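Both counts, for ligands and for their atoms, begin at 1 and track the order of listing. Computed from a predicted structure; not experimentally measured.
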Amino acid sequence: MIPDRLGRPLRNLRLSVTDRCNLRCEYCMPEDDYVWLPREDVLHFEETSALVDVFLSLGVDKIRLTGGEPLLRRDVPALVKMIASKPGLADLALTTNGVLLEDQIDALKAAGLGRITVSLDTLRRDRFKALTRFDQLDAVHRGIAAAGRVYGSLKIDSVIIRGVNDGELIDLIDYGRSVNGEVRFIEYMDVGGANRWSPGRVFSKADMLAVVSGAFGPVEPMTPPGSSAPAERYALKDGTTFGIIASTTEPFCRTCDRSRLTADGVWYLCLYAARGLDLRGPLRAGASSTDLARLIADRWTGRDDRGAEERVALGDRRAFVPIQDLLKRDPHLEMHTRGG
Ligand code: SF4
């Protein structure tokens, strides 16, 4: 186990396989068009697999495939197959918006993908279209139904924005129950493309618990102390479980063992990090696994990032990256490039 400067182990890797997406959610990719990563910079699956080997050798045992929308990358099941059977890997998951999931679910399962999380913020067709700019709610429902059928259960992530979908918590829990999905409510964050973020639009964990317990009665906390999982889990009286990810009002940086590798091989130690470490360059220049492991270990042992906690300490809080710095500039500043 390699500890960083706060004693946090290198364990959890989010692997972005593309910066492209087929939706335009207002808290992530609100613009029509972006500067995309140059195609020639995007890692080939063999390169990704080689970097995964290095990370596994250093103690990473959980990997989540993300995007953009990961299922837009051609033949993701082939990458899953390359990674799933690697020694030392305990958990291989994928986060998707669900639009393309129905067609790929069987191949993903056959390739060895362990778990699925689908992002879904609203059950209302008009609101889905307004939030994402695409009329794809039915496709997402089909994807969720397929995941429930093939995997037996799934997670459903819902970003809750005050004044937008904060009236849907109860409906989302009921929906999750009906599809064997555990819903996790996520506080609206001020990272990357969230340039319409403001403190007044955050619907907090306290707000969420008040709404849920008002409708269903007291909720029972289930998360063991010291857990590094971002979601705090709760159970309703009937046994239905749900989670809350209070990344804005109660950040969990102190136990954060997550890092992110972009599709073009830049490694970020924090969602809020200004810069990452380029691993593609050394890899393509012929660096050995030992060289790469040393680069990664050196960077991790110097890590003291606590981005979300530092944001809380700010008095006057605004979107992390001003709109003029995002538009048509470095794609690495965008949350969709960093894998959310
Ligand atoms: S802000 Fe950075 S350190 Fe804190 S939980 Fe998120 S990724 Fe981890």
Side-chain angles (χ1 to χ4, degrees), residues 1-16 19 27-28 55 58-68 91 93 95 117 119 155 157-160 184-195 197 199 202 204-205 223-233 243-263 265-277 279 296-315 317-321 326 331-340:
M1 195 267 285
I2 298 179
D4 70 4
R5 285 171 64 184
L6 302 177
R8 300 169 296 186
L10 172 60
R11 272 199 75 190
N12 219 311
L13 182 67
R14 295 178 69 102
L15 206 58
S16 172
D19 58 335
Y27 54 81
C28 183
F55 278 104
L58 292 170
V60 165
D61 65 355
K62 292 173 152 204
I63 293 181
R64 178 172 291 276
L65 302 177
T66 70
D91 184 27
T95 295
T117 299
S119 304
K155 292 206 168 72
D157 280 359
S158 305
V159 175
I160 303 299
R184 306 186 315 167
F185 300 122
I186 303 173
E187 289 180 350
Y188 188 22
M189 292 184 76
D190 55 352
V191 274
N195 48 54
W197 185 91
V202 176
S204 71
K205 169 184 153 186
T223 307
S227 165
S228 70
E232 290 173 67
R233 296 179 69 227
I244 296 179
I245 301 180
S247 24
T248 298
T249 63
E250 294 179 19
F252 29 82
C253 301
R254 288 281 164 185
T255 55
C256 176
D257 56 10
R258 270 175 304 289
S259 63
R260 296 168 159 78
L261 187 68
T262 61
V266 181
W267 186 45
Y268 285 90
L269 275 53
C270 176
L271 197 48
Y272 288 90
R275 273 185 301 281
L277 176 68
L279 297 176
I296 292 168
D298 282 354
R299 186 57 71 99
W300 187 263
T301 50
R303 175 188 190 241
D304 61 359
D305 298 68
R306 294 182 300 111
E309 284 183 1
E310 286 165 4
R311 300 289 295 160
V312 169
L314 289 179
R317 193 168 169 181
R318 300 168 191 207
F320 182 56
V321 184
L326 279 176
H332 294 97
L333 290 174
E334 300 280 359
M335 184 159 66
H336 65 259
T337 304
R338 296 190 182 190

(request) Look at atom 2 (Fe) of ligand 1 and say which protein heavy atom is nearest, naming residue and atom and giving the distance to 0.1 Å. (result)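 For this ligand atom, the closest protein heavy atom is C270 SG, 2.3 Å.
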(request) Just need the protein heavy atom nearest to atom 1 (S) of ligand 1, so name the residue and atom and give the distance. (result)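 Among all protein heavy atoms, the one nearest atom 1 (S) of ligand 1 is A308 N, 3.1 Å.
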Find all atoms of ligand 1 within a distance of less than 4.0 Å from any non-hydrogen atom belonging to [X], and give their numbers and elements.
X    : value
R260 : 7 (S)
F252 : 5 (S)
D305 : 3 (S)
L271 : 2 (Fe), 7 (S)
Y272 : 1 (S)

(request) Kindly confirm whether atom 8 (Fe) of ligand 1 is within less than 2.8 Å of some N/O/S atom in C256? (result)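 Yes, since at least one N, O or S atom of C256 sits under 2.8 Å from atom 8 (Fe) of ligand 1.
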(request) Indicate whether the side chain of T248 and that of R311 have a donor and an acceptor atom separated by less than 3.5 Å. (result)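 Side chains of T248 and R311: no pair found under 3.5 Å.
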(message) Could you check whether D190 and Y272, counting side-chain N and O atoms only, form a donor-acceptor pair closer than 3.5 Å?
(response)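 Side-chain D/A pair, Y272 to D190: present.
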(request) Have a look at ligand 1 and work out which part of E310, if any, has a heavy atom under 4.0 Å from it: side chain, backbone, both or neither. (result)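 Answer for E310: neither.
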(message) Please report the interatomic distance CZ(R260) to CG(N12), rounded to the nearest 0.5 Å.
(response)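 If I round to the nearest 0.5 Å, the distance is 9.0 Å.
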(request) Could you tell me whether any N, O or S atom belonging to C253 is less than 2.8 Å from atom 2 (Fe) of ligand 1? (result)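 So C253 does not bind atom 2 (Fe) of ligand 1 by this criterion.
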(message) Just to check, does R311 reach to within less than 4.0 Å of ligand 1 when the distance is taken from its heavy atoms?
(response)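 Heavy atoms of R311 never come under 4.0 Å of ligand 1.
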(message) Please determine whether side-chain contact (heavy atoms from CB on, under 4.5 Å) holds for the pair L261 and R14, giving the CA-CA distance in whole Å, both sets of side-chain angles, and the decisive distance to 0.1 Å.
(response) CA-CA 6 Å; L261 187 68; R14 295 178 69 102; over 6 Å; no
(request) Using a strict 4.0 Å threshold on nitrogen-to-oxygen distance, state whether E187 and K205 make a salt bridge. (result)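 Answer for the salt bridge query: no.
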(message) Whether R11 and D61 form a salt bridge (side-chain N of Lys/Arg under 4.0 Å from carboxylate O of Asp/Glu) is what I want to check.
(response)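 Yes.
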(message) Using ring centroids (six-membered ring only for Trp), state whether F55 and W300 fall under 6.0 Å.
(response)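 No: the rings miss the under 6.0 Å criterion.
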(request) Starting from the C-alpha separation in whole Å, work towards a yes-or-no answer on side-chain contact (heavy atoms from CB on, under 4.5 Å) for E232 and R184. (result) CA-CA 9 Å; E232 290 173 67; R184 306 186 315 167; over 6 Å; no
